[in-house]
Amino acid sequence: MEKSIKKYFPVFLMPAALSFFIVFIIPFVLGIYLSFTEFTTVENASFIGIQNYITAFTRDKNFLNALWFTVKFTFVSVITVNFFAFSLALLLTKGIKGTKVFRTVFFMPNLIGGIVLGYIWNLLINAVLGTFGLDITYDAKYGFWGLVFLMNWQLIGYMMVIYIAGIQNVPSELIEAAQIDGASRFSVLRNVIIPMVMPSVTICLFLTLTNSFKLFDQNLALTGGAPAKQTSMLALDIYNTFYGRIGYQGVGQAKAVVFFLIVALIAFIQLKITGRKEEEA
Amino acid sequence: MNSDKRIKNGITFVFLLFWSTVFLFPIYLVILNSFKSKFNIVGSPFKFPDKDTFVGIENYVNGIRMSDLIPSFLRTLIITVGSVLVIVFFTSMAAWFIVRVKSKFTKTIYYLFLFSMIVPFQMVMFTMVYICTKLGLNSVLGIIPVYLGFGSGMSVFLFAGFIRGLPLEIEEAAMIDGCGPIRTFFTVVFPMLKPTAITVAILNAMWIWNDFLLPYLLLGTQNKTLSVAIQIATQGAYGSIDWGGFMAMLVLAIIPIVIFYLFCQKYIIKGVIDGAVKG
C-alpha cells in the first residue's frame, strides 16, 4: 500500500509542501543569511558579519527597551490572565445557573481581531484618562497597563475554557473521597484539583507566554509604541526597524533572528516540561 | 446545609454577573458612541446619546463610505473562505501522505512543518514579502496559497495526529477492492477526518479573518481587508479622523464574528481546546 501511495507524491504532498517552502523555508533561510548583510532590497545585500547584531544591542536603544518592556508585560500578563482564568473556571464548574451564558460572554473577546481589540481599548482607556485630562500616550505606564488589561480581556476566556476542560476531567469520586476524609475546601483544591489539572496549567502558561511575547496587532492599535517608542514591544520594534528606517533592514533582520531564538527557547523549555510530565504519567 | 449552599451559589452568581458586565462594557461603550455625533465622542465618551448628540445611523453610513467597508468585507470573506478550503483540502492530503509513507523525506518535512509553528512571523516577514511579490502572489487570490503555506504547520500536525489513530485495515480493504490512493483518500479517509477538519477550519478561519500584517504587507491599502481598513482609517490627517464613523466600523467588524460565534460556539470551543492541547 505504501508503495502505491508513494507514487502520488505530486498530488498529496506537493501543494502544501511547495507553498510551505516558498513562503516559509526559503524566506527563513534567506532571512538568516540577510541578518549578516547590509541591504535595502534583497538583491543588494553585502556581507558585513555580525555588525547588525552589534548595532541591535548597542547603538539601537529601542531594541533593548522593547525587549525589557516585552518581558515585563509578559510576566504580568501570564500571572494575571492565568489567575483570573483559573478562578473563573473553578466558579463555572460548580453547576451554577447561567454557567453557559457566562462562559459565552467571557470567551467572546478572544474571537475579536487584535486590531479591533486595540481600538476598543484605546477608546475605553482614553475615555477614563480623559476625565483627568490625560490620554494613553501621555506616559508609558498607561500604555503598559492598557496592554495588560487588553490581554486579560482577550485571553482570560480562552484559558478559562482550557481550565474548565481540565477541571471537568478530575474524577468526582476523587473529590468526594477527599471530602469524606474530612479535607477542607482549600485542601481539596490544593491537593486534589490543582495536581490533576497541572497539564492544563502548563498549556495555559505557555500559551499566554508565547501570545504575550509575540503580541503585535494589539500593540500597534492601542499605542503604536507611543510615547516615543516607549511602549513598543519586540514585534513592533522589529517591524518599525524594517519599514520605518531606510538602511536598517539588516538590523531589523538581526533583531528578528534574536526574537526567533528567544521564542524557540521558550518552546524548547515547554517541550522539555510537557515531555517530562508525560513520562511521569 | 442546603440553604447555606444556596446562599453561596447566589453570591457566586452575583459575582459572575458583575464580571460579565465588566467584560461586556468595552463593547457597550463602542456601540454607545457609534450612535453619537463625532464631536461628542472624544469629549464625553461615557454619556448616553441624547437628543443633541444622537445621530441615528449617520456614523454607519459614513463609516461604510469612508473605508470602502463593503468591498473590504467581501475581500476578507473571499480570502478567509478560499484559504480555509484550500488548507483543509491540501493539508489533510499532505498529513495522510506523511503518516502512510514512512521515509526520511516525509519525516523531515513533518518536522519542518512542526518547526514552523514556533517561528514568529517577523522572522520571515521581509524576505517572504519579497519572494511573494516577485511571484505575483500579492493579490486577493494570490494570497490564498500564501495562507496555505503559513497554515500548513498547525493543520498538518492536527490531521497527522488524528490519522495515526485510524485503523489501517479500512484503507487496505479499499485498496484491495481496486481503489487507487486518490479514491481511497476521498471516499474512505476524508469522511473519517471530519471532526479534525472542523477544528482545522475554525482555527484557521479565526486567524485569517482577523489577520492584519500579512494582508497589509502583501495587498497594501489598495486591496485592503477588514483589519487593514480599520487600521488605516486612523492614519488620516491627524485631528480630522471621523471618530463617529470609526466607532461604527468597529461595531460592523464585530457583528459578523459574534453571529458566527453564537451559531458555532460548540465547534469553536472544541476547536480551540483541541488546538491548544495538541499544539
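Everything numeric here is computed off the predicted structure, so don't read it as measured data. So you know, we letter chains A, B, ... as the sequences are listed, proteins then strands, and number each from 1. For the numbers below, each heavy atom of this structure counts, side chains included, while hydrogens, waters and symmetry mates do not.
Using a 4.5 Å cut-off between heavy atoms, B:Gln265 touches chain A through its side chain atoms alone. Interface remark: A:Phe149 contributes no atoms to any contact with chain B (heavy atom separation under 4.5 Å). For B:Val258, the part sitting under 4.5 Å from any heavy atom of chain A is the side chain, from C-beta outward, and nothing else. The part of B:Ile254 that comes within reach of chain A is its side chain, from C-beta onward, which places non-hydrogen atoms under 4.5 angstrom from that chain. Of the atoms belonging to B:Phe25, it is side-chain heavy atoms, and not backbone ones, that fall under 4.5 Å from chain A. For chain A, the nearby parts of B:Leu16 are the backbone and the side chain; heavy atoms of each come within less than 4.5 Å. Neither the backbone nor the side chain of B:Ile87 has a heavy atom closer than 4.5 Å to any heavy atom of chain A. Heavy-atom distances place both the backbone and the side chain of B:Trp19 under 4.5 Å from chain A. No part of B:Leu226 comes within reach of chain A, as not one of its non-hydrogen atoms sits under 4.5 angstrom from that chain. In this structure, chain B has a heavy atom under 4.5 Å from the side chain of A:Ala165, while its backbone stays farther away. Heavy atoms of B:Val129 lying under 4.5 Å from chain A belong exclusively to its side chain. Contact of A:Ile266 with chain B is not made at all, since no heavy-atom distance falls under 4.5 Å. Only the side chain of B:Phe185 comes within less than 4.5 Å of a heavy atom in chain A; its backbone stays farther off. Looking at B:Phe13, both its backbone and its side chain come within 4.5 Å of chain A, counting heavy atoms on both sides. Both the backbone and the side chain of B:Phe212 come within less than 4.5 Å of a heavy atom of chain A. Proximity to chain A is limited to the side chain of B:Ile268, based on heavy atoms less than 4.5 angstrom apart. Of the atoms belonging to B:Ser152, it is side-chain heavy atoms, and not backbone ones, that fall under 4.5 Å from chain A.
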Query raised in the report: What's the verdict on side chain to side chain contact (heavy atoms under 4.5 Å, CB included) for A:Leu13 and B:Phe105, showing C-alpha distance, side-chain angles and the deciding distance?
Result: CA-CA 11 Å; A:Leu13 192 52; B:Phe105 177 68; 4.2 Å; yes

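In summary, the aromatic rings of B:Phe126 and A:Phe39 are positioned with their centroids under 6.0 Å apart. Within the 6.0 Å centre-distance limit, the rings of B:Tyr261 and A:Phe107 are counted as a close aromatic pair.
Comparing A:Val161, A:Val42, A:Ile162 by how many heavy-atom pairs each has under 4.5 Å with chain B, the most go to A:Val42. The greatest number of non-hydrogen atom pairs below 4.5 Å with chain B, out of A:Phe213, A:Phe9, A:Phe84, is found for A:Phe9. Note: A:Pro27 leads A:Gly95, A:Ser200, A:Pro27 in heavy-atom pairs under 4.5 Å with chain B.
Residues B:Tyr147 and B:Asp211 bring a donor and an acceptor atom of their side chains to less than 3.5 Å of each other.
For A:Trp121, there are no side-chain hydrogen bond (donor to acceptor under 3.5 Å, both in side chains) partners two or more places apart in sequence or in a different chain.
Below 4.5 Å, heavy atoms of chain A meet heavy atoms from B:Pro26, B:Ile27, B:Leu29, B:Val30, B:Asn33, all part of residues 26-34 of chain B. Residues of residues 203-211 of chain A having a heavy atom under 4.5 Å from any heavy atom of chain B, listed by number: A:Ile203, A:Leu207.
Among residue pairs with one or both ends in residues 116-137 of chain B, those qualifying as salt bridge (Lys or Arg N to Asp or Glu O under 4.0 Å) are A:Glu43-B:Lys134; sequence neighbours excluded.
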